[in-house]
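Each remark here refers to the structure printed beneath this line.
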Amino acid sequence: MIRLLSTLLLLLAGLPAWAQAFTPAEIAQWQQQAKQVTIVRDQWGVPHIYGKTDADAVFGLLYAQCEDDFARVEENYITNIGRLAEVEGEAALYSDLRARLFLDSTQAISIYQKSPVWMKQLLDAFAAGTNYYLHTHPTVKPRLLTRYQPWMPLVFSEGSIGGNISVVPLERLKAFYGQRKSTSWQRPDFEKQDREPVGSNGFAIAPAKSASGHALLLINPHTSFYFRPEVQVVSEQGLNAYGAVTWGQFFVYQGFNQHCGWMHTSSNADSMDEYLERIEQKDGKFYYRYGKKLRPVQVQPITLAYTQGNQRLTKTFTTYRTHHGPVVGQQADNQWVTIRMMDTPLEALEQSYLRTKATDYASFKKVMKLNGNASNNTVFADSKGNIAYWHGNFMPKRNTGFNWSRPVDGSNPKTEWRGLHQVDELVQVLNPASGWIQNCNSTPFTVSGPSSPARDKYPTYMAPDAENYRGINAVRVLGRRKTFTLDTLIAAANDPHLAAFEDLIPSLLTAYQTTAGAGNPVSPAVTEAINELRGWNKSYSKTSVAQTVAIYWAERMLRLARPRVPADAQMDNISFTVFAIQQTTPQEKVTALAETLDELTRDFGTWKTPWGDVNRFQRLTGNIKEVYDDQKPSLPVAFTSSSWGSLAAYGARTYPGTKKRYGNVGNSFVAVVEFGPRIKARSVLSGGQSSHPNSPHFTDQAALYTETRFKDVLFYPEDVQKHAEKTYRPGE
């Protein structure tokens, strides 16, 4: 049902209480709390926030985040509370519907009200710090949210807080609730797999392989650029966390304190399941079969607002759910798809915060017993010399007689979850004999080389992750070195070898020999390019012509092969590359090379174009949707897509009006840490700390980033003071 809501009617109806203007009492309370907070901006603009209590520190952290990029803070909450269509229009309705199906504001408010006192204080401080920023910056005009509420972080569903709802395909949701039938099941978004993979790398080095005798940790998330800023947040209650924080969240997501560090990599550990519900209709009502009985389908209307031009409209969806979860699609006329996933946002938020105050392996593991992390693996190191790895965290127990990689029969009680696996039951390693740990969103069964866990000791659903080319390279890099320092760990994290081309280039060379040997005409340019590729060391470099040719050719090959993949196939990075090699003919491979050379010549005047001339870093506006321009200054970047095994990931593509490629995803915040009696660490951000083009910290780290150089982390107050650029309290 769609109805037009006039501005007059909206005014008459009144705004909800949480959208009203700030009161004098609230402002006075915020001003008082601001006196308990000090923010020190160092020479790189990184905020070091000091508060008397944890809540004071959270207040200052949110205030500082808003200073650096309020637009991204607001964007994250508009999306997560399910109100994106109110600013982006009807096309975003199904994103909002997905958010509301799993957790709405009414449920979040109830959870907030039942939260322990210490968590309420942090949630209150989150809202207070954000609102105080808006109060003290009246020229900042929010797109939608003019007041932040303490329940909002509870609906920040991205896997570490709530269930990872982003894995629910919007196309399938739209097909069902838009009343368009869809009867095929396929792995979500396979047709979009030529996008740059997002994920992360984490390395941990044991004292036995560290030149200093102290454990080392690499923190290397691969996200969209500027997705996580760099912060330090400190209180007199024991909080002292440094690292990357997602805009709008009040805890350090990937980072370290004076005792230990944690790096999360995206996991394929199966933490959620799809159920096929057998639906029957009687007297106009829906029922689903469970065992030998029929149960009524739960029905709930969800009304969403959206904009259309200058009008504000609403659309009401009749939504359905079973005891397994909400209906998100349809398999056949009488089979609806429901999803069950983690629905304990309070425990997840508690875990996310409490781990930042862990003091060693034992205390970190104790926090993990909250089982609140649904989408991440964890690479860990501490000052006692421990290194550890856990594959996933929230892990339901299941009957191993079913294929949990596909939807299971919801009518069969044997498909019910049987509680959760305890932390000790997860795939994991502690202090492996190899002396190192790596995870690059890959299988845990190569995580420590010969000291890795044995696959046959765990149910398949615990670790369906495949190997990838980054994982292959990481094992090679870490396994061959006897000792590490911070410098050599940085070098390992930036090892230039591109393992995918160990498979791809020989296939092309063989195809060339076959084609030329059969007497088929081959142009001199193709022959010259083949010789260039034959002599290539398969490593990235700004000056490499072979890298340019190889990547453009490989991309063309994968595009050619993708439509040939069977509809129900499940392929990972490596298996799809092998498929592309096997399912294209020698002539197609050589023809693809000739077309690649023509494309490069057309775009750049010659196919002999060094990779650094093509692959660029540029930041012009600071907007969430950045624009790019070949005519404006940019920097060359040697590293490349993680698809090829580049440990330093850089996802770049062309944009309207550009021939060059510009990065927007990959290495973002990167840090290396040594856990000695005194923390030593170095870090780098893509671009800089601030989103404001007029700030000196908009691109002041860009040269470091593109050249894979790191700055010293200022962890201790005396070091921060030596390099302080600005010291102030919120509101000053």
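We count residues from 1, following the sequence as given.
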When the aromatic ring centroids of Tyr552 and Trp644 are compared, is their separation below 6.0 Å? no
Check: Asn220/Ser200 side-chain N/O donor and acceptor closer than 3.5 Å: no
Do the ring centers of Phe364 and Phe380 come within less than 6.0 Å of each other? yes
So, Arg682 and Glu230, do they make that salt bridge, N to O below 4.0 Å? no
Validation row: Ile219, Val672 side chains within 4.5 angstrom (heavy atoms): no
Are Tyr628 and Tyr662, when compared by the centres of their aromatic rings, separated by less than 6.0 Å? yes
Check side chain to side chain donor-acceptor pair (under 3.5 Å) between Lys726 and all other residues, then give those that pass, not counting sequence neighbours. none
Any donor-acceptor N or O pair under 3.5 Å, side chains Asp465, His391: yes
Is Glu532 salt-bridged to Lys608, going by a charged N under 4.0 Å from an acidic O? no
When you check the side-chain N and O atoms of Asp42 and His48, is any donor under 3.5 Å from an acceptor? yes
With a cut-off of under 6.0 Å to the ring centre and 45° to the axis, is Arg228 in cation-pi contact with Tyr253? yes
May I ask you to check whether Tyr650 and Phe225 place their ring centers less than 6.0 Å from one another? yes
Side chains of Lys711 and Gln701: is there a donor and an acceptor less than 3.5 Å apart? yes
Mark yes or no for whether Trp536, through its side chain, and Ser539, through its backbone, hold a donor-acceptor pair below 3.5 Å. yes
Centroid-centroid distance, Phe639 to Tyr705, less than 6.0 Å: yes
Would you find a donor on one side and an acceptor on the other, under 3.5 Å apart, between the side chain of Gln547 and the backbone of Ser541? yes
Close aromatic pair by centroid cut-off 6.0 Å: Trp611 and Tyr540: no
Is there a ring-ring contact (aromatic ring centres under 6.0 Å, His included) between Phe156 and Tyr77 once you walk through the steps? CA-CA 7 Å; Phe156 206 128; Tyr77 281 102; 5.3 Å; yes
Pairs involving residues 251-262, ordered by first then second residue, that meet salt bridge (Lys or Arg N to Asp or Glu O under 4.0 Å) (sequence neighbours left out): none
Lys660 and Thr654: side-chain donor and acceptor closer than 3.5 Å? no
Tyr655 side chain to Asp630 side chain, donor-acceptor N/O pair below 3.5 angstrom: no
Under a plain distance cut-off of 3.5 Å, with no hydrogens placed, do Glu467 and Thr446 share a side-chain donor-acceptor pair? yes
